Amino acid sequence: MYQAPRGTSDILPQEQAYWRYLEQKTANICQLYGYERIDAPAFEDTRLFSRSVGEGTDIVEKEMYTFEDRGGNKITLRPEGTAPVCRAYVEHGMHNLAQPVKLYYLASIFRYERPQAGRFRQHHQFGYEAIGDDDPALDAEVIDMAWQFFRSLNLRHLSLNLNSIGCKTCRPEYLIALKDYYADYIDDLCADCKTRLARNPLRLLDCKKRSCQPISDSAPRSIDYLCPQCAEHFKQLQRYLGLLELPFEVNHRLVRGLDYYTRTVFEIQPETERAQSTLGGGGRYDGLIEELGGKPTPAIGFAVGIERIISNLKKYNVPVPALPRAQVFIAYVGDEVKDEAIKLASRLRQAGIGVIEAIGSKSLKAQLRQANTIGVQHTVIIGDQELKTATVILRDMTNAQQEAVPLTRLEERLR
RNA sequence: GUGAGUGUAGCCUAGUGGUUUAAGGCACCAGGUUGUGGCCCUGGAGAUCGAGGGUUCGAAUCCCUUCACUCACCCCA
């Protein structure tokens, strides 16, 4: 028997209400903040990701779905959404548009990982990018939008973590300080941290091992090493966030897993934190557009995991609107009237009324039972008698009331 | 990649001191007289007990292997 590949899943009909609802909510918030949708391809040239995300990151090193196509090109299923959008920005010369250019996407993301709660090999992200300005007010707006998005979903009890990891001038100094500091404790570090020290020192900060905690607690903080411009940027950002009354917390250990981030980084997670609970994260990436061959262009973005949002909506019993469904069932008695039922169904649909017709030869009882389980509002019943008088029986399934309705008036009665 | 747990019908579960047709609930289908749903009653269909091998007179139940799923680590949405 076949089953969906590991880490993937079918989004079944009963789940679809969540997805449609989120499509609508994302479109709404984007309209409010002036973002327009962009859909990039599901796969890209592998180098797009290895260059932007970073050769040393876990995503590039062990999580990409990479293959060679029949033409010998190295292709990768997108493991994140920002790089493709930036590629599109450069490719289509969007620097000629009014800046910042604001784009959003809702897309499948692919990462080869061991699945577990809140983590899949194929998942979906809603993300948005504001490209073309380094004003901290833009950072604040991007963060505000994320926050308001969650508010519009009635997801409360969230925390907003913020940090600044500097730019390409000040970060190297910070990394040196960090390495120097940790080098003194190398014998006390866990095995993972020893490799982090050599490969990705920023990651040292968020080691969850108890033995490493006290060391991280008093480690140098990135904000103490910011260059004057970055420091001012971060200061202004916090001022704007205060202006917007966003309850952020500066978290010195917040670092993000992709190399392109500069200055502002932030994450939103439930207050009751567990593994893989982060709902979304983002940050500034002032060097990325240039890295991808564009002019030096500052930018900032944010992305959330749709599956994680849905699991939170469920967890807190947040209701989502039901999807509209066919409201009429057509039942018929006797094979002679079947033709009539088929024509009637078609006629009602052309009038914009959703119809499910009885298929197969079932007893009227069975047809009504089906109508009941489907949950339609009305059932139209046709038999010989009705055929003769050019009427149908219209049965209201909620109260079992029924009446004879002339065929010609059916549409208006159902509307 | 590492570690732990779990695998009985579409779903949830019973059955593990080894024995003949593997039990129940939900859901599904059909009946309960003539062309009428939901409740109730009756019946039906649906499982090679994850797969392969072994021990045994006999295995869902014991042993081995394997696969899958779940959770955690790494890391992330």
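Quick caveat: nothing in here was measured; it's all calculated off a predicted structure.
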Short side-chain N/O contact to [N] OP1/OP2 from [X], under 4.0 Å:
X        : N      : result
A:Arg308 : B:rC76 : no
A:Arg256 : B:rC76 : no
A:Arg395 : B:rG37 : no
A:Arg6   : B:rA68 : yes
A:Gln116 : B:rC73 : yes
A:Lys365 : B:rG37 : yes
A:Arg114 : B:rG3  : no

Please report, rounded to the nearest Å, how far the [atom2] atom of [N] is from the [atom1] atom of [X].
X        : N      : atom1 : atom2 : value
A:Gln385 : B:rU34 : CD    : C1'   : 12 Å
A:Tyr261 : B:rA77 : OH    : C1'   : 10 Å
A:Gln370 : B:rC29 : CD    : C1'   : 12 Å
A:Gln3   : B:rU70 : CD    : P     : 9 Å
A:Phe329 : B:rG35 : CZ    : P     : 17 Å
A:Met64  : B:rC75 : CE    : P     : 18 Å
A:Gln367 : B:rC29 : CD    : C1'   : 15 Å
A:Ile59  : B:rC76 : CD1   : P     : 7 Å

_First encountered from the 5' end of RNA chain B, between A:Glu267 and A:Ile393_ = A:Ile393
*Could you pick out which residue, A:Arg121 or A:Gln402, lies toward the 5' side of RNA chain B when each is mapped onto its nearest nucleotide?*
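Between the two, 5'-proximity favours A:Gln402.
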Watson-Crick or G-U wobble mate for [N], both contacts under 3.5 Å:
N      : value
B:rU36 : none
B:rC69 : B:rG5
B:rC62 : B:rG54
B:rG43 : B:rC29

Separation between the [atom1] atoms of [N] and [M], rounded to whole Å:
N      : M      : atom1 : result
B:rU20 : B:rC57 : C1'   : 13 Å
B:rG18 : B:rG58 : P     : 15 Å
B:rA4  : B:rU13 : P     : 24 Å
B:rG37 : B:rG44 : P     : 23 Å
B:rA9  : B:rG24 : C1'   : 12 Å
B:rG52 : B:rA45 : P     : 26 Å
B:rU65 : B:rA14 : P     : 27 Å
B:rG17 : B:rC62 : P     : 8 Å

Donor-acceptor pair between [X] and [Y] side chains, under 3.5 angstrom:
X        : Y        : value
A:His124 : A:Glu307 : yes
A:Thr26  : A:Tyr128 : no
A:Tyr285 : A:Glu129 : yes

Indicate, yes or no, whether a donor-acceptor pair under 3.5 Å links the base of [N] to the side chain of [X].
X        : N      : answer
A:Glu113 : B:rA77 : yes
A:Glu386 : B:rG35 : yes
A:Arg369 : B:rG38 : no

Using a heavy-atom cut-off of under 4.0 Å over every strand shown, decide if [X] touches base, sugar-phosphate, or nothing.
X        : value
A:Thr398 : base
A:Ala117 : sugar-phosphate
A:Glu80  : nothing
A:Thr373 : sugar-phosphate
A:Gly334 : nothing
A:Ala331 : nothing

_Side-chain donor/acceptor of A:Arg347 to backbone N/O of A:Glu411, under 3.5 Å_ =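 No; zero donor-acceptor contacts below 3.5 Å.
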*Donor-acceptor under 3.5 Å (A:Asn251 side chain, A:Arg253 main chain)*: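 Yes, because the side chain of A:Asn251 sits within donor-acceptor range (under 3.5 Å) of the backbone of A:Arg253.
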*Nearest of B:rC75, B:rU36, B:rU70 to any side-chain atom of A:Leu368?*
B:rU36
*Closest to the A:Thr278 side chain: B:rG38, B:rA77, B:rC75?*
B:rA77
_Tell me every residue that passes ring pair (Phe, Tyr, Trp, His ring centres under 6.0 Å) with A:Tyr332, counting only those two or more places apart in sequence or in another chain._
none
_Between the side chains of A:Arg349 and A:Glu357, is the shortest nitrogen-to-carboxylate-oxygen separation below 4.0 Å, so that they form an ion pair?_
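A salt bridge links A:Glu357 with A:Arg349.
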*Please say whether the positively charged group of A:Arg121, taken as NZ for Lys or CZ for Arg, lies over the ring of A:Tyr112, i.e. under 6.0 angstrom from the six-membered ring centre and within 45 degrees of the axis.*
yes
